[in-house]
Peer 1: 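Sending over a structure as structure tokens; questions will come in a sec.
In the text below, chain A, chain B and the rest are named by the order of the sequence lines, each starting its count at 1.
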Number of protein chains: 2
Amino acid sequence: MQSLIHFFNPFQILNQEAQNQILAISTLQEFKKNTILQPIGHTCQTIYFIQKGLARIFYYKDGHDITEYFAHENQIIARVESLFSQRPSQKGIQILEDSEIIAISAARLFALYDDYPRIERLFRKIFEQGYVDTVNRLESLQFHSAEERYHRLVQDMPDLLQRVPLKHIAAYLGITQVSLSRIRAAVK
Amino acid sequence: MQSLIHFFNPFQILNQEAQNQILAISTLQEFKKNTILQPIGHTCQTIYFIQKGLARIFYYKDGHDITEYFAHENQIIARVESLFSQRPSQKGIQILEDSEIIAISAARLFALYDDYPRIERLFRKIFEQGYVDTVNRLESLQFHSAEERYHRLVQDMPDLLQRVPLKHIAAYLGITQVSLSRIRAAVK
DNA sequence: AGCATCCTTTTACATTTGTTAAATTCACTT
DNA sequence: AAGTGAATTTAACAAATGTAAAAGGATGCT
């Protein structure tokens with residue numbers, strides 16, 4: 001699970017003991033495509049790190065399947081609104097490709113915070129980065145056109161287009177599949 | 001500046017010494033309506049707590065003035081994408097009413113984190129809450145109609161309508177002023 | 001009070017996006 | 001290879017939102 005430590009390093013260097021403590025509450029698991037990693041309605045008790053593969057956070061709005069977030073290799077995925085409040089989430093996590101995932105127990109992680117301030121700091125910084133990414137995404141949805149958002153996504157995550165059904169991409173961009181098709185047709 | 005301590009309590013109780021340390025790096029200031037508290041292009045070095053009054057985070061997109069965020073009494077306001085990265089922000093903060101504001105030095109606060117883990121924890125929790133609020137707002141922009149977003153805003157911050165020009169409300173909702181006018185006319 | 005400025009609404013028209021349904025393409029299984 | 005179902009595109013029309021300009025209202029200043 002060295003990939004996880006590599007992911008940590010730019011945020012916060014941990015000594016060996018702190019590293020071991022985190023590894024002790026983490027397990028590497030494999031999941032098949034389309035597995036529901038966390039169902040809608042459950043409270044988030046696990047933070048996931050994607051070593052290999054792809055996953056998404058999704059929910060239902062008026063019967064439509066909405067993708068709120070994609071995460072790929074070397075990214076964290078968690079439903080923060082449930083993780084931080086420990087209340088049930090209206091969102092779920094689905095695996096989109098056969099994946100290798102490191103699962104970190106949230107309860108045991110939070111318990112480590114008292115004895116290992118560096119671990120608390122590490123995750124503070126990780127989630128600060130997530131916060132910043134979300135603010136930037138908010139700005140994108142607030143004042144970029146659907147076409148701008150699409151082109152920006154192509155730049156930021158070019159491989160996503162090959163790996164994910166377009167219906168999920170459309171929902172992520174906040175538009176319909178038909179609208180996305182039109183945007184793609186206009187470019188050719 | 002007791003209002004600040006009251007704001008902290010639900011997140012994390014601090015002992016007297018930690019409270020004093022924060023108060024020592026905080027100053028209460030008054031600002032007139034329309035003051036630019038932090039200009040566009042500057043790096044965030046201060047976290048603001050609004051004791052009384054109203055402020056917004058704004059930026060310019062294609063010459064249009066966009067409001068990204070409103071904050072009123074007993075709320076924190078800061079451009080987190082600059083605060084956490086210490087890079088210049090393309091956003092500014094403007095005072096919208098004559099206000100009393102407690103300014104907390106970010107550099108001195110971060111310096112306190114090493115000696116006072118409870119202070120680090122306090123602000124970790126404060127910003128986790130901000131993160132959650134932003135995720136919820138993202139969801140709102142991604143899949144609620146402009147009309148739904150307007151009605152939700154009226155519910156969540158009813159006094160905002162009386163206190164802020166509608167042009168700022170419209171920009172905050174991600175629509176034009178004309179479009180907001182239409183939505184308001186339809187309800188009557 | 002009068003003037004100037006800003007804010008808000010309204011109108012007319014253009015553009016974008018949504019909706020529904022059908023047609024086409026693609027992937028997978030047998 | 002054929003068949004099934006999912007994914008994607010296309011078409012036609014409806015609805016929502018944007019743009020630009022004009023008209024009213026409100027507010028503040030002198």
Side-chain angles (χ1 to χ4, degrees), chain A residues 32-36 54 56 58 60-67 70 94-98 138-154 158-188, chain B residues 32-36 54 56 58 60-67 70 94-98 138-154 158-188:
Chain A
K32 287 285 175 195
K33 181 173 176 175
N34 290 328
T35 305
I36 300 297
L54 197 61
R56 69 178 182 125
F58 71 101
Y60 292 101
K61 155 82 179 169
D62 300 339
H64 294 281
D65 176 321
I66 309 303
T67 294
F70 291 112
Q94 182 185 31
I95 302 295
L96 295 175
E97 292 176 352
D98 295 356
L138 185 75
E139 181 189 324
S140 169
L141 276 170
Q142 193 175 11
F143 262 88
H144 290 67
S145 68
E147 193 173 334
E148 287 174 302
R149 299 202 298 276
Y150 172 71
H151 290 306
R152 186 180 277 207
L153 181 67
V154 171
D159 57 335
L160 204 63
L161 278 288
Q162 322 308 326
R163 295 169 72 178
V164 171
L166 286 176
K167 62 176 180 179
H168 291 158
I169 305 267
Y172 176 82
L173 293 172
I175 57 177
T176 61
Q177 202 176 341
V178 175
S179 199
L180 177 58
S181 238
R182 275 192 285 243
I183 289 168
R184 287 161 55 84
V187 179
K188 282 169 196 162
Chain B
K32 287 287 176 193
K33 180 174 175 173
N34 290 327
T35 305
I36 300 296
L54 197 61
R56 69 178 181 124
F58 70 101
Y60 292 101
K61 154 82 178 169
D62 299 339
H64 295 280
D65 176 322
I66 310 302
T67 293
F70 291 112
Q94 182 184 31
I95 302 294
L96 294 174
E97 291 176 353
D98 295 356
L138 185 74
E139 180 188 324
S140 169
L141 277 169
Q142 194 176 8
F143 262 88
H144 290 67
S145 68
E147 194 172 333
E148 286 174 303
R149 298 201 298 274
Y150 173 70
H151 290 305
R152 185 179 277 210
L153 180 68
V154 171
D159 57 333
L160 204 63
L161 277 289
Q162 321 308 325
R163 295 168 73 178
V164 171
L166 287 176
K167 63 175 179 179
H168 290 158
I169 306 267
Y172 175 82
L173 293 172
I175 56 179
T176 62
Q177 202 176 342
V178 174
S179 198
L180 177 58
S181 237
R182 276 192 285 242
I183 288 168
R184 287 162 55 84
V187 180
K188 280 171 197 165

Peer 1: Once you round it to whole Å, what is the distance between C1' of dT27(D) and CD of E97(B)?
Peer 2: 16 Å

Peer 1: Closest-nucleotide mapping onto DNA chain D: is F143(A) or L180(A) further toward the 5' terminus? I mean the 5' end.
Peer 2: L180(A)

Peer 1: Atom CG of L173(A) to atom C1' of dT17(C): distance rounded to whole Å?
Peer 2: 13 Å

Peer 1: Can a side chain N or O of T176(B) be found less than 4.0 Å away from OP1 or OP2 on dG18(D)?
Peer 2: yes

Peer 1: Could you check which of dT9(C), dG18(D), dA7(D) has an atom nearest any side-chain atom of R182(B)?
Peer 2: dG18(D)

Peer 1: Contact list please: residues 159-169 of chain B against DNA chain D, heavy atoms, distance less than 4.0 Å, in numerical order.
Peer 2: none

Peer 1: If I take atom CZ in residue R184(A) and atom C1' in nucleotide dA7(D), what distance separates them, rounded to the nearest angstrom?
Peer 2: 11 Å

Peer 1: Can you tell me the distance, in whole Å, between the CD atom of Q177(B) and the P atom of dG24(D)?
Peer 2: 18 Å

Peer 1: Is K32(B) close to I95(B) at the side-chain level, that is, under 4.5 Å between some pair of heavy atoms?
Peer 2: no

Peer 1: With sequence neighbours excluded, tell me which residues meet side chain to side chain contact (heavy atoms under 4.5 Å, CB included) with F143(B).
Peer 2: Y59(A), K61(A), I66(A)

Peer 1: Checking H144(B) now: which residues fulfil side chain to side chain donor-acceptor pair (under 3.5 Å) with it, not counting sequence neighbours?
Peer 2: R152(B)

Peer 1: Mind checking what makes side chain to side chain contact (heavy atoms under 4.5 Å, CB included) contact with S181(A), not counting sequence neighbours?
Peer 2: none

Peer 1: Please list, chain by chain and in numerical order, all residues satisfying side chain to side chain donor-acceptor pair (under 3.5 Å) with Q142(A), sequence neighbours excluded.
Peer 2: none

Peer 1: Using rotation axes that map the C1' atoms of four end pairs onto the next four (five pairs an end), what angle separates the end axes of the helix from dA1(C)-dT30(D) to dT30(C)-dA1(D), to 10°?
Peer 2: 40°

Peer 1: Please examine the side chains of L153(A) and F70(A), heavy atoms only from C-beta on, and report whether any two atoms are closer than 4.5 Å.
Peer 2: no

Peer 1: Tell me, which pairs form a side-chain hydrogen bond (donor to acceptor under 3.5 Å, both in side chains) where one or both residues lie in residues 160-175 of chain A, sequence neighbours left out?
Peer 2: E73(A)-R163(A), E97(A)-R163(A), R137(A)-Y172(A), D159(A)-R163(A)

Peer 1: Detail all sub-3.5 Å separations between protein N/O atoms and N/O atoms belonging to nucleotides 20-29 of chain C.
Peer 2:
none

Peer 1: Hey, does L54(B) have a side-chain heavy atom less than 4.5 Å from the side chain of L160(B)?
Peer 2: yes

Peer 1: Measure from CG on L141(B) to C1' on dA16(D) and round the result to the nearest Å.
Peer 2: 16 Å

Peer 1: Sequence neighbours left out, what passes side chain to side chain donor-acceptor pair (under 3.5 Å) with T35(B)? Give chain and number order.
Peer 2: none

Peer 1: Just the rounded figure in Å: distance from P of dT16(C) to CD1 of I183(A).
Peer 2: 10 Å

Peer 1: Excluding sequence neighbours, so at least two apart, what forms side chain to side chain donor-acceptor pair (under 3.5 Å) with S140(B)?
Peer 2: none

Peer 1: State whether the side chain of D98(A) and the backbone N or O of K33(A) hold a donor-acceptor pair below 3.5 Å, judged by distance alone.
Peer 2: yes

Peer 1: May I have the distance from I175(A) (atom CD1) to dT17(D) (atom C1'), rounded to whole angstrom?
Peer 2: 15 Å

Peer 1: Once you round it to whole Å, what is the distance between P of dA7(D) and CG of L96(A)?
Peer 2: 12 Å

Peer 1: At 4.0 Å (heavy atoms only), tell me whether S181(A) reaches a base, stays on the sugar-phosphate, or touches nothing.
Peer 2: base

Peer 1: Using distance only, find each side-chain donor-acceptor pair of residues 173-180 of chain A under 3.5 Å and give its atom names and separation, not counting sequence neighbours.
Peer 2:
unit_1: T176(A); atom_1: OG1; unit_2: S179(A); atom_2: N; d: 3.1

